[in-house]
Amino acid sequence: MKRGVAFVINGAVIGIGREQTMNLNDVEKIRTENPVVVNYANFVTPFLVANGLNAVGASPIMSDEASEADELVKLASAVVINAGAARRDGWPVIEQLCQSANKYHKPLILDPVAVGATEYRRELNFGLLERHQFDIIRGNIGEIAVLAGIEWQTRGIDAGDGDRDASDIVRECARKFNNVVIASGKVDYISDGNRVTSILNNTRLLPAIVGSGDLLSSISAAFAAISDNNFDAAVTASLVLSCSGELVDQKLNHQNLPGSFLSQLMDQLANISPEEIKAIMKVEEN
Amino acid sequence: MKRGVAFVINGAVIGIGREQTMNLNDVEKIRTENPVVVNYANFVTPFLVANGLNAVGASPIMSDEASEADELVKLASAVVINAGAARRDGWPVIEQLCQSANKYHKPLILDPVAVGATEYRRELNFGLLERHQFDIIRGNIGEIAVLAGIEWQTRGIDAGDGDRDASDIVRECARKFNNVVIASGKVDYISDGNRVTSILNNTRLLPAIVGSGDLLSSISAAFAAISDNNFDAAVTASLVLSCSGELVDQKLNHQNLPGSFLSQLMDQLANISPEEIKAIMKVEEN
Amino acid sequence: MKRGVAFVINGAVIGIGREQTMNLNDVEKIRTENPVVVNYANFVTPFLVANGLNAVGASPIMSDEASEADELVKLASAVVINAGAARRDGWPVIEQLCQSANKYHKPLILDPVAVGATEYRRELNFGLLERHQFDIIRGNIGEIAVLAGIEWQTRGIDAGDGDRDASDIVRECARKFNNVVIASGKVDYISDGNRVTSILNNTRLLPAIVGSGDLLSSISAAFAAISDNNFDAAVTASLVLSCSGELVDQKLNHQNLPGSFLSQLMDQLANISPEEIKAIMKVEEN
């Protein structure tokens, strides 16, 4: 794996500047503040996302009805739009949730599931990004490249190989939409348009499980709800999920056991501490 | 915890009067009768509810299509309306299910999820309660208070503290709608408008898991399907779920492990016996 | 259990003719080819189906939007229509998926959930079978009998007793629709209209779990995607799932633990080898 330009912190505090901004205490703060996160969920993974939000200390609300969207956003602390299985007749719900999130200044997160796969998904996601200000976008590197307008496949980027190109893509996407972007996979790349932080703790199983990306999107929203800083919220969310995955992977002796992994991941998310994260985190900055 | 007015039974049979009405043999009867329960489910928890119904010995049917609602109710033994994520275009399905349940005299159960959160949910739930006779309502104490028309939050009621106020609320709600009401949480309160029975077996994890309330609503329907008495069905359902939770909590040494808890809860529901329930149940009456 | 007319192979290779056609190497091939399967899912079991497809080595896509159906089918290798909870306004999606599957010659699989229960479901399923060529139909014996036009209930067939009648039903259904039919249950019967292969490895828990049938339908699609032969794909899919179930059942000492079973089934699906299947498979042909 190629290392980033800047410094590498492996299983240690992350350097003086970052130590102040990356507030791992939020891992405990979220359990007392218990922020409410409204999710426009896809129908495949809502149970995982809801119980995963619960496990980290947040409270999920899920709704598919436009006429209550404004009220729900008002009482919530963050809003996630998962565009994974939206039907066209669900667009008014999404539209209202986004409008209200921007109106009430609640963090708004987009998960552009498979945006490159169909014209329908491009229309949905680019339309949303044009009309609303999203605070965080969370996708895999392929989805982020589509949003950034980069033909990543022809450049042969492998999401998991730590290639510099992935950093460029998330940075460009964040600049384009003036927000924070997470490209998650074997490595998570997070950028605010200037900095790029890479989280190297991911395991083989975590990105393979259907719904782990959806969960990261919603956990990012939960941390954005209790943080002043979307970049740090995204880094914390990524660390919580990927370090939890790594701890479970260790307990399972790195066996390929997706059922046990999923169940124990919920256990781990409910218990992971800032100290455990600091002890194993592998973070690169450039 | 304050105790109720009447007698307290802790880990023992529940007294002469109740011993005859509360038929824990239904815990075994349901496994041979295998009642079919039609669920209008929300999209977040249907898998948990379906497999939970399966585990206790019932058979779930879930549908979202109005034109088959009447036939499904006819072949079923009970009907549950979970109003947790209903879109307005799902109202005709709900309406038909309720009409048919009343027409065929099948037990009809309402789960008024987050009824206090939005005007939309109040309109849906109060409309249903006006037009149809629900045999059991199952919610948390906040939802039940909204239905009863009591401003519970200003009265400082904590759902889990065993306060007499919670008993009053469920009793008032049951009187208002002339049925049986369960307010579930750390303590479950069950009333038929006169009696209030409290089940004190709940654990920290059970009410915290997304979907445990939905599951209790559907299990109540399953026991109502094989019982002549909705009050006893509600008590049995609450005991089965809360005692199963307590047994799992013991096996997990009271650790906060939501993933393991959920998986083992399914195991326990499939095996819990009347004797195990009698050995650990904590029931108050007043 | 009555044995079939032909030969019985118990825990051994399946005889010279079949040894050549039944290609258990597909159990490994699927993990490298990673075929994409588009699912029109019901809302109850999509998470199980998606992660189960993942576990065997395929990649799930789920969508409920007609305008992207053609593109999704084009990029996929197989299509499954699960008619378990389709609303009437979902019919255009289903219709487009089926048209595109036939147009692009992608294997098309039907799961006619509870087709006998309501007029609505008969209209949906028979309409689909009239307008489109399905390559595989997977249901329980009752559903397959309805499609075949056989009044099976009056003939007293128990899906699990290995009765010859079940073989007749799947054969007739396969002849009627000119395809491959799987009737799954305690025994899985698979026919192409001539041969009938019975898989006797099922356990009590596997058919009892909500979603195990849906999963078999989708796994059949995944194997059809990498095989030239739908009959062998169906046999392989059935063996993978039922032998995985049996291995988990052994690990659990045949206890009735549906939660643990489900979690460990995912683990087993990700690891089962052709050798493990050959060592325990019980296959009858007639």
Side-chain angles (χ1 to χ4, degrees), chain A residues 41-52 62 64 82-91 94 113-125 140 142 153 204-215 248 252-267, chain C residues 31 34 36-76 82 85 87 89-90 92-93 96 100 218 244 248 251 259-272:
Chain A
N42 68 56
F43 65 87
V44 183
T45 63
F47 188 69
L48 174 69
V49 170
N51 275 297
M62 292 176 174
D64 195 13
N82 184 303
R87 307 194 311 186
R88 202 173 283 273
D89 65 11
W91 289 25
I94 297 175
V113 183
V115 60
T118 66
E119 180 52 37
Y120 168 79
R121 289 175 191 237
R122 282 188 291 278
E123 183 192 344
L124 169 58
N125 284 282
N140 63 38
Q153 278 177 308
R204 181 179 51 158
L205 267 176
L206 188 63
I209 280 179
V210 177
S212 61
D214 303 345
L215 181 54
V248 173
L252 295 174
N253 293 316
H254 312 290
Q255 294 172 90
N256 181 26
L257 303 174
S260 298
F261 182 86
L262 194 52
S263 178
Q264 293 185 31
L265 183 65
M266 292 293 114
D267 293 344
Chain C
R31 290 172 183 146
N34 201 234
V36 172
V37 178
V38 172
N39 295 263
Y40 186 84
N42 69 56
F43 65 86
V44 183
T45 63
F47 188 71
L48 173 70
V49 170
N51 276 296
L53 278 172
N54 231 2
V56 299
S59 282
I61 292 185
M62 292 176 175
S63 169
D64 195 13
E65 170 56 37
S67 62
E68 66 174 357
D70 185 71
E71 276 176 286
L72 291 178
V73 173
K74 210 185 292 182
L75 66 82
N82 184 303
R87 307 195 310 186
D89 65 11
V93 191
Q96 185 59 59
S100 298
S218 288
S244 291
V248 174
K251 286 179 192 161
S260 298
F261 182 87
L262 194 52
S263 178
Q264 293 185 30
L265 183 66
M266 293 293 113
D267 293 345
Q268 188 63 65
L269 286 172
N271 291 286
I272 197 163

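Convention: sequence-line order gives letters A, B, ...; per-chain numbering from 1. Treat the numbers as computed from the prediction; the structure is a model and nothing was measured.
If you measure heavy-atom distances from C:Gln264 to chain A, you find no contacts under 4.5 Å at all. With a 4.5 Å cut-off on non-hydrogen atoms, A:Ala114 does not touch chain C at all.
Going from atom CG of C:Asp267 over to atom CG of A:Leu252 covers 8.0 Å, rounded to the nearest 0.5 Å. The CG atom of A:Leu262 lies 7.5 Å from the OG atom of C:Ser263; values are rounded to the nearest 0.5 Å. From C:Asn54, atom CG reaches atom CD1 of A:Ile209 across 8.0 Å, with rounding to the nearest 0.5 Å.
Contacts with chain A were tallied for C:Leu72, C:Asp89, C:Val49, C:Leu53; C:Asp89 has the most, counting heavy-atom pairs under 4.5 Å. Ranking C:Asn271, C:Leu75, C:Asp70, C:Asp64 against chain A, the residue ahead of the rest is C:Asp64, based on heavy-atom pairs under 4.5 Å. Per-residue counts of heavy-atom pairs under 4.5 Å with chain C were compared for A:Gly211, A:Ala85, A:Ala117; the largest is that of A:Ala117.
Checked by atom type and distance alone, the side chain of C:Glu71 pairs as donor or acceptor with a backbone atom of A:Glu119 at under 3.5 Å. No donor-acceptor distance shorter than 3.5 angstrom exists from the side chain of C:Glu65 to the backbone of A:Ala86, with no hydrogens or angles considered.
Residues A:Phe43 and C:Ser63 approach most closely at CZ-N, 4.5 Å, considering heavy atoms. Minimum interatomic distance between C:Phe47 and A:Val210 (heavy atoms only, all atoms of both residues): CE1-O, 3.2 Å. Contact record, C:Ser67 with A:Tyr120: OG-CD1, 3.3 Å, taken as the closest heavy-atom pair.
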